[in-house]
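Below is one structure, written out as structure tokens; comments come after it.
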Amino acid sequence: MIKDNGSNAQVTQAGRIRRRKGSNEVPADAGQANGKHLLVNDQNKYRSMLIRAYSSIWMIGGFIFVVYMGHLYIWAMVVIIQIFMAKELFGLLKKANEEKQLPGFRHLNWHFFFTAMLFVYGRILSQRLVNTVTTDKFLYKIVANLIKYHMVTCYFLYIAGFVWFILSLKKKMYKYQFGQYAWTHMILIVVFTQSSFTVANIFEGIFWFLLPASLIVVNDIAAYIFGFFFGKTPLIKLSPKKTWEGFIGASVTTILSAFVLANFLGRFQWLTCPRKDLSTGWLQCNPGPLFMPENFTLPGLLPEGFLWKEMHVLPVQWHALGLGLFASIIAPFGGFFASGFKRAFKIKDFGDSIPGHGGMTDRMDCQVS
């Protein structure tokens with residue numbers, strides 16, 4: 001028995017913190033993430049910030065390189081990200097003891113995953129594939145037949161997976177197997193629902209992919225910086241380190257960035273032209289109405305002779321304000337959703353593939369919202 005009440009309280013408090021280490025719910029006093037303490041006063045956070053910044057530079061650099069390479073490479077990047085996300089999510093509910101008793105059962109998840117990939121991208125890219133092989137009669141005939149039977153092929157692949165699942169059922173493992181079956185389908189919805197629209201946007205013009213993706217990155221970085229230096233007021237219990245200061249500062253930064261970025265990106269033809277086939281290389285086309293500069297006169301409240309009273313604006317910049325507002329208000333809820341997931345399963349990150357950021361799912365949570 002410990003007689004020193006002060007020491008006892010300290011040990012008890014430390015014990016509570018240790019018991020909660022496996023959970024994402026760290027007491028505010030221990031983490032000093034918000035409340036009366038600024039993250040900027042926590043010296044341990046600077047090392048984390050440097051690691052996060054270093055990884056971010058590499059990711060942004062790689063992202064710019066892929067965008068430079070063109071539509072097909074961006075689509076390949078999306079596919080790779082999806083595979084990493086699926087791998088992390090498949091492993092979230094995996095139990096080693098059960099898996100040992102079900103050899104080969106994990107392959108069923110990937111069967112459904114690649115069936116879903118064939119279904120989603122087959123529908124989006126079929127016409128562009130035809131346009132790519134039009135000059136070769138032999139290839140055109142093969143591709144035409146593949147597209148003709150695309151839906152029925154996907155259907156039978158799914159039915160084959162369903163039959164495979166039923167045949168794999170094992171006594172005393174039913175609950176685990178059916179849980180994995182449901183979990184797999186939920187992952188497919190999370191991974192493919194948003195990404196199907198993303199890939200469609202890529203081939204309608206890189207601009208429509210690049211601008212929203214960039215705004216999410218801007219919002220995330222701005223929220224981290226404003227929260228780091230000014231964050232005091234907790235925003236939501238699901239994510240204790242999120243603050244109102246970070247949220248508001250990031251929102252203003254993102255909306256302003258949307259207006260400026262749209263003007264910059266909208267002036268490059270190779271970003272605005274749609275891709276009608278699956279070839280590589282830069283495109284040239286006549287700019288659409290959204291990318292034709294127009295004169296815009298600022299409100300008459302400004303004095304005569306004011307330098308910026310009249311300016312050239314691309315109509316797409318007004319659309320970009322809506323995208324910036326969406327990225328500021330709606331996209332963070334993807335992060336809150338992921339935080340709820342991690343709390344439910346008592347994990348800190350979905351993976352550890354990106355230093356300072358966690359797994360691919362941690363980095364893409366706002367992008368898929």
Side-chain angles (χ1 to χ4, degrees), residues 14-27 30-31 48 51-52 55 59 78-118 157-195 238-241 334-368:
R16 286 176 183 169
I17 294 172
R18 283 195 294 270
R19 285 196 296 271
R20 296 166 66 94
K21 188 176 180 181
S23 171
N24 197 32
E25 302 180 36
V26 181
S48 174
I51 295 174
R52 187 183 179 97
S55 298
M59 285 190 293
V78 172
V79 171
I80 292 171
I81 290 173
Q82 287 179 326
I83 292 173
F84 271 94
M85 289 180 64
K87 180 177 180 295
E88 291 170 359
L89 293 172
F90 283 151
L92 196 58
L93 286 183
K94 182 179 177 181
K95 295 181 180 179
N97 292 334
E98 284 78 355
E99 291 290 329
K100 289 179 181 178
Q101 301 178 53
L102 296 168
F105 181 72
R106 187 57 50 186
H107 295 102
L108 184 60
N109 292 341
W110 291 107
H111 172 83
F112 284 120
F113 177 84
F114 287 110
T115 298
M117 183 178 290
L118 178 63
L157 283 173
Y158 180 82
I159 292 300
F162 177 76
V163 173
W164 180 1
F165 170 73
I166 298 300
L167 294 175
S168 70
L169 289 175
K170 191 174 181 180
K171 192 175 181 180
K172 296 182 180 181
M173 302 292 293
Y174 297 152
K175 185 177 181 180
Y176 176 76
Q177 288 180 276
F178 275 100
Q180 289 291 314
Y181 185 80
W183 179 243
T184 298
H185 283 70
M186 199 207 75
I187 291 172
L188 297 181
I189 292 173
V190 170
V191 172
F192 282 104
T193 300
Q194 174 67 14
S195 61
L238 275 175
S239 204
K241 294 183 181 180
F336 302 151
F337 180 82
S339 294
F341 244 89
K342 289 185 280 190
R343 283 178 172 274
F345 295 104
K346 298 182 179 180
I347 58 173
K348 185 177 184 296
D349 296 312
F350 287 102
D352 56 0
S353 55
I354 308 176
H357 294 267
M360 190 65 71
T361 309
D362 297 283
R363 187 82 319 268
M364 300 303 297
D365 51 6
C366 293
Q367 294 283 358
V368 300

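Residues: numbered from 1 along the sequence shown. Just so we're clear, the structure is a prediction, and the values are computed from it rather than from any experiment.
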[X] side, atom [atom1]; [Y] side, atom [atom2] - distance, nearest 0.5 Å:
{"X": "Thr115", "Y": "Tyr158", "atom1": "OG1", "atom2": "OH", "answer": "9.5 Å"}
{"X": "Leu102", "Y": "Gln177", "atom1": "CG", "atom2": "CD", "answer": "4.5 Å"}
{"X": "His111", "Y": "Arg106", "atom1": "NE2", "atom2": "CZ", "answer": "15.0 Å"}
{"X": "Met186", "Y": "Thr184", "atom1": "CE", "atom2": "OG1", "answer": "10.0 Å"}
{"X": "Tyr176", "Y": "Lys95", "atom1": "OH", "atom2": "NZ", "answer": "7.5 Å"}
{"X": "Leu118", "Y": "Leu157", "atom1": "CG", "atom2": "CG", "answer": "6.5 Å"}

Verify the neighbour count for atom [atom1] of [X]: are there more than 12 heavy atoms of other residues, nucleotides or ligands below 6.0 Å?
{"X": "Phe192", "atom1": "CZ", "answer": "yes"}
{"X": "His107", "atom1": "NE2", "answer": "no"}
{"X": "Phe162", "atom1": "CZ", "answer": "no"}

Which atom names give the shortest non-hydrogen contact between [X] and [Y], and what distance separates them?
{"X": "Gly161", "Y": "Leu108", "answer": "O-CD1, 3.5 Å"}
{"X": "Ile189", "Y": "Thr193", "answer": "O-OG1, 2.6 Å"}
{"X": "Gln180", "Y": "Asn109", "answer": "OE1-ND2, 4.2 Å"}
{"X": "Val78", "Y": "Ser195", "answer": "CG1-CB, 4.4 Å"}
{"X": "Ile187", "Y": "Ala86", "answer": "CG2-CA, 4.4 Å"}
{"X": "Met117", "Y": "Val79", "answer": "CE-CG1, 3.7 Å"}

side-chain contact (heavy atoms from CB on, under 4.5 Å), that's the test. Do Ile347 and Phe341 meet it? Break it down for me. CA-CA 9 Å; Ile347 58 173; Phe341 244 89; over 6 Å; no
Mind running ring-ring contact (aromatic ring centres under 6.0 Å, His included) on Trp110 and Phe105 for me, showing each step along the way? CA-CA 10 Å; Trp110 291 107; Phe105 181 72; over 10 Å; no
Aromatic plane relationship, Tyr181 with Phe178 - under 30° parallel, 30 to 60° tilted, over 60° perpendicular: perpendicular
According to the interplanar angle, ranging from 0 to 90°, do the rings of Phe90 and Phe113 count as parallel (below 30°), tilted (30 to 60°) or perpendicular (above 60°)? perpendicular
